[in-house]
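To keep things clear, I will list the structure first and then write my remarks on it.
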Amino acid sequence: MAKPTASIGKNENSTTDNSVDRKGFISWMTVGWVAFSAATGGFFTMMIRFLFPNVLFEPPQSFKIGYPDDFTKGMVDIRFKKKYAVWIVRDQSGLYALSTVCTHLGCTPNWLNTEQKFKCPCHGSGFRKTGVNFEGPAPRPLERFKVYRAEDGQIVVDKTKKFQQEKGEWENPESFLELA
Amino acid sequence: MIDIIKHFINVISNPTISFTLLTVLAPLLFPPTDWFEKYHFKFGFNRLWKKEGAYFMFSCITLFLIAGYTDEFAIKILTKPDNIPIVLMFYLIPLTLWLAMNQAYNNDERLARGEAPLEQNDPKDKVLVWPDLVYIELICLLLFMVFLIVWSVYIGAPLEEPANPAATPNPSKAPWYFLGLQEMLVYFDPWIAGIIFPIFIMGGLMAIPYIDTNKKGQGYYSFKERRIAIFIFMYGWLALWVYLIIVGTFFRGPNWNFYGPFELWDAHKVEALSNVNLSEYLWVKAWNQGLPENILAREFLGFVVVILYFVVPPAILAKTYLKEFYLKIGSTRYSTIMFFGLAMLSLPIKMYLRWTINLKYIIAIPEWFFNI
């Protein structure tokens with residue numbers, strides 16, 4: 001059996017001190033791989049770290065929208081669309097908060113008051129005032145957010161908790177606010 | 001007079017009409033069988049690929065553009081910087097198509113007379129890729145880059161205001177090369193139209209050399225020797241891709257409603273489009289009861305329809321009309337062709353179902369993000 005010798009750029013019979021024997025080769029190899037893994041690992045860690053910003057200028061997920069009297073019965077309130085991405089709908093029996101994210105591909109629909117519907121400008125999905133999808137490709141209704149009364153009587157929308165109609169979650173009493 | 005023509009164009013550009021026209025015209029323009037070929041020659045469609053056909057096509061396109069640039073509504077679409085490539089496309093696609101078909105028809109006539117195709121007369125001495133071809137390509141690349149820079153400076157390439165998730169432009173249009181995809185997304189779930197179909201398109205195009213092993217037409221233009229393949233490709237390319245880009249550019253306006261190219265984009269145009277899922281048609285409309293609780297029971301008809309669609313037509317065709325073809329190419333190739341072909345055909349089918357009976361999804365399981 002031929003003895004495997006690792007010699008880099010050297011004659012096999014070379015006897016100079018530069019020759020690397022099997023054991024030395026493996027240990028250098030190990031050092032090399034560890035260094036390589038550390039470098040690439042560090043690099044990718046930094047890459048992934050870069051994806052998470054240091055400071056987030058995001059509006060709070062839970063916010064007060066005013067008192068029940070601020071909302072007219074039968075109207076869709078679009079004041080909070082830009083900052084908080086919710087529509088506040090006040091119907092005869094209460095109030096609910098609809099997400100402004102289209103359930104098809106995530107564009108922001110517009111509320112068309114004359115047609116009484118939310119209409120998405122990207123692929124034409126349409127939603128009724130309740131948030132239920134009825135035209136275009138949107139596969140499911142708009143999502144609703146948790147609404148409740150704060151101690152001071154103001155209405156609070158909590159976007160961390162969402163309610164999906166197709167899962168039957170609109171029955172949940174947290175998904176709407178009953179008002180006289 | 002011009003107003004009547006414009007109104008006529010507005011009316012026929014409604015996709016139900018224009019897409020039907022295109023679908024009917026496609027086999028007459030690119031006849032896949034003898035029967036269509038008979039009418040292809042009878043109606044004189046073959047003359048489209050002769051010199052007079054080129055004059056005719058380019059006069060029509062130029063007249064349309066003149067009408068468009070003098071129209072108060074169409075000019076807004078035509079001169080929008082994003083749409084300039086599409087205006088160029090109006091000429092480029094017919095031009096390339098005409099060049100290929102003209103040579104193909106010349107060769108078909110030569111082959112019918114027993115002569116060799118025109119390409120036989122090409123110089124026998126070969127030209128080297130490097131430096132001859134690469135050198136020309138480099139010059140083209142440099143000239144084109146100069147052109148692009150000058151052009152973008154001239155039109156003030158459209159940089160818009162910073163992105164704002166609360167303000168979506170109405171209509172929101174994808175870049176022109178994605179308008180075909182955007183149009184597909186109107187009829188399908190995002191998963192299907194945005195991911196599955198693009199994969200099928202690329203996979204299907206890559207599969208072509210493996211499933212179409214017809215040696216004829218290699219190295220020379222010919223229509224007749226591979227007419228079925230050319231017909232299928234042309235239908236997919238012209239009707240299901242280029243046409244959808246034109247729909248997205250010219251026929252889609254505010255709220256993604258349909259408008260004619262010479263029509264005012266009235267944001268309050270009302271279109272009643274109450275879409276209904278197949279399960280709702282079955283349980284609620286036909287059987288007069290509520291949708292069942294069980295998801296699979298609710299959608300069983302959709303599953304049956306989809307499975308039958310992909311299984312029954314290939315099986316029947318393999319036994320009857322395509323029997324020889326099936327025996328010749330074998331079951332693997334046959335089922336690959338059928339699968340990609342039926343997937344491609346499902347797009348126009350779904351479009352028609354949406355336009356005629358407002359069908360939203362054949363299988364609708366939003367709970368699982370699974371809608372077909």
Side-chain angles (χ1 to χ4, degrees), chain A residues 57-59 77-87 98-128 130-143 159 162-171, chain B residues 163-174 178-179 181-195 248 252-258 265 267-277 280 291 293 295 298 350 354 358-361 363-372:
Chain A
F57 296 102
E58 277 183 348
D77 196 314
I78 60 171
R79 280 179 297 161
F80 307 98
K81 178 180 168 183
K82 188 164 184 181
K83 188 166 180 194
Y84 296 113
V86 289
W87 287 298
L98 282 176
S99 161
T100 64
V101 178
C102 178
T103 53
H104 180 232
L105 265 185
C107 290
T108 309
N110 298 304
W111 169 246
L112 307 178
N113 201 31
T114 39
E115 286 93 349
Q116 289 285 305
K117 67 183 179 188
F118 301 99
K119 186 76 175 169
C120 183
C122 290
H123 304 92
S125 293
F127 304 87
R128 294 190 202 287
T130 52
V132 171
N133 54 323
F134 73 101
E135 64 180 5
R140 55 196 188 87
L142 294 172
E143 287 167 4
K159 284 178 69 181
K162 64 179 184 184
F163 300 93
Q164 289 167 249
Q165 190 265 355
E166 72 276 10
K167 291 184 182 166
E169 291 169 350
W170 284 6
E171 307 296 321
Chain B
N164 174 5
T168 315
N170 189 9
S172 271
K173 293 196 179 184
F178 276 149
L179 280 173
L181 275 182
Q182 190 172 6
E183 194 58 30
M184 292 204 301
L185 278 160
V186 174
Y187 306 99
F188 286 97
D189 183 84
W191 270 105
I192 305 270
I195 292 163
R252 287 291 194 180
N255 300 327
W256 215 247
N257 283 331
F258 285 125
W265 276 11
H268 293 288
K269 181 174 178 176
V270 178
E271 279 195 45
L273 299 165
S274 294
N275 293 329
V276 182
N277 290 325
E280 287 156 358
L291 291 172
E293 284 287 307
I295 291 169
R298 186 182 78 200
K350 193 77 195 290
R354 180 67 67 80
N358 280 323
L359 181 82
K360 189 196 279 174
Y361 291 122
I363 302 175
I365 312 182
E367 295 90 337
W368 303 344
F369 291 95
F370 184 79
N371 306 287
I372 292 177

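Just so it is clear: chains get the letters A, B, ... in the order the sequence lines come, proteins before strands, and each one is counted from 1. Owing to the predicted nature of the structure, the values given are computational and were not obtained by experimental measurement.
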Those residues of residues 187-194 of chain B, ordered by number, that approach chain A below 4.5 Å (heavy atom to heavy atom): Phe188(B), Asp189(B), Pro190(B)
Region of Arg252(B) in contact with chain A, defined by heavy-atom distances below 4.5 Å: neither
So Pro137(A) and Leu185(B), do their side chains get closer than 4.5 Å, heavy atoms only? no
Could you list the residues that satisfy ring-ring contact (aromatic ring centres under 6.0 Å, His included) with Trp256(B), not counting sequence neighbours? none
Can you tell which part of Cys120(A) gets under 4.5 Å to a heavy atom of chain B, answering side chain, backbone, both or neither? backbone
Let's test your reading of the structure: which of Lys82(A), His104(A), Lys83(A) forms the most heavy-atom pairs below 4.5 Å with chain B? His104(A)
Using 0.5 Å steps for rounding, measure from the CD atom of Glu367(B) to the NZ atom of Lys167(A). 9.0 Å
Checking heavy atoms, do the side chain of Asn371(B), its backbone, both or neither come under 4.5 Å from chain A? side chain
Say you draw a straight line from CG of Asn255(B) to NZ of Lys117(A); how long is it, rounded to the nearest 0.5 Å? 7.0 Å
Please check if atom CG in Leu112(A) has more than 12 non-hydrogen atoms from other residues, nucleotides or ligands closer than 6.0 Å. yes
Largest heavy-atom contact set with chain B, pairs under 4.5 Å, which of Thr103(A), Val101(A), Leu105(A): Leu105(A)
Taking all heavy atoms of Ala138(A) and all of Lys360(B), pick out the closest pair and write down the distance. O-NZ, 3.3 Å
Just give me the residue among Gly126(A), Gly106(A), Gly124(A) that pairs up with chain B most often, heavy atom to heavy atom, under 4.5 Å. Gly124(A)
Which heavy atom in Ser172(B) sits nearest to a heavy atom in Cys122(A), and how many Å separate them? CB-SG, 3.4 Å
Which one of Thr100(A), Asn110(A), Thr108(A) satisfies the side-chain contact (heavy atoms from CB on, under 4.5 Å) criterion with Thr168(B)? Thr108(A)
Would you compute the distance between atom CG of Asn257(B) and atom NZ of Lys119(A) and round it to the nearest 0.5 angstrom? 5.0 Å
Rounded distance (nearest 0.5 Å) linking atom CZ of Phe369(B) with atom CD of Glu166(A): 7.0 Å
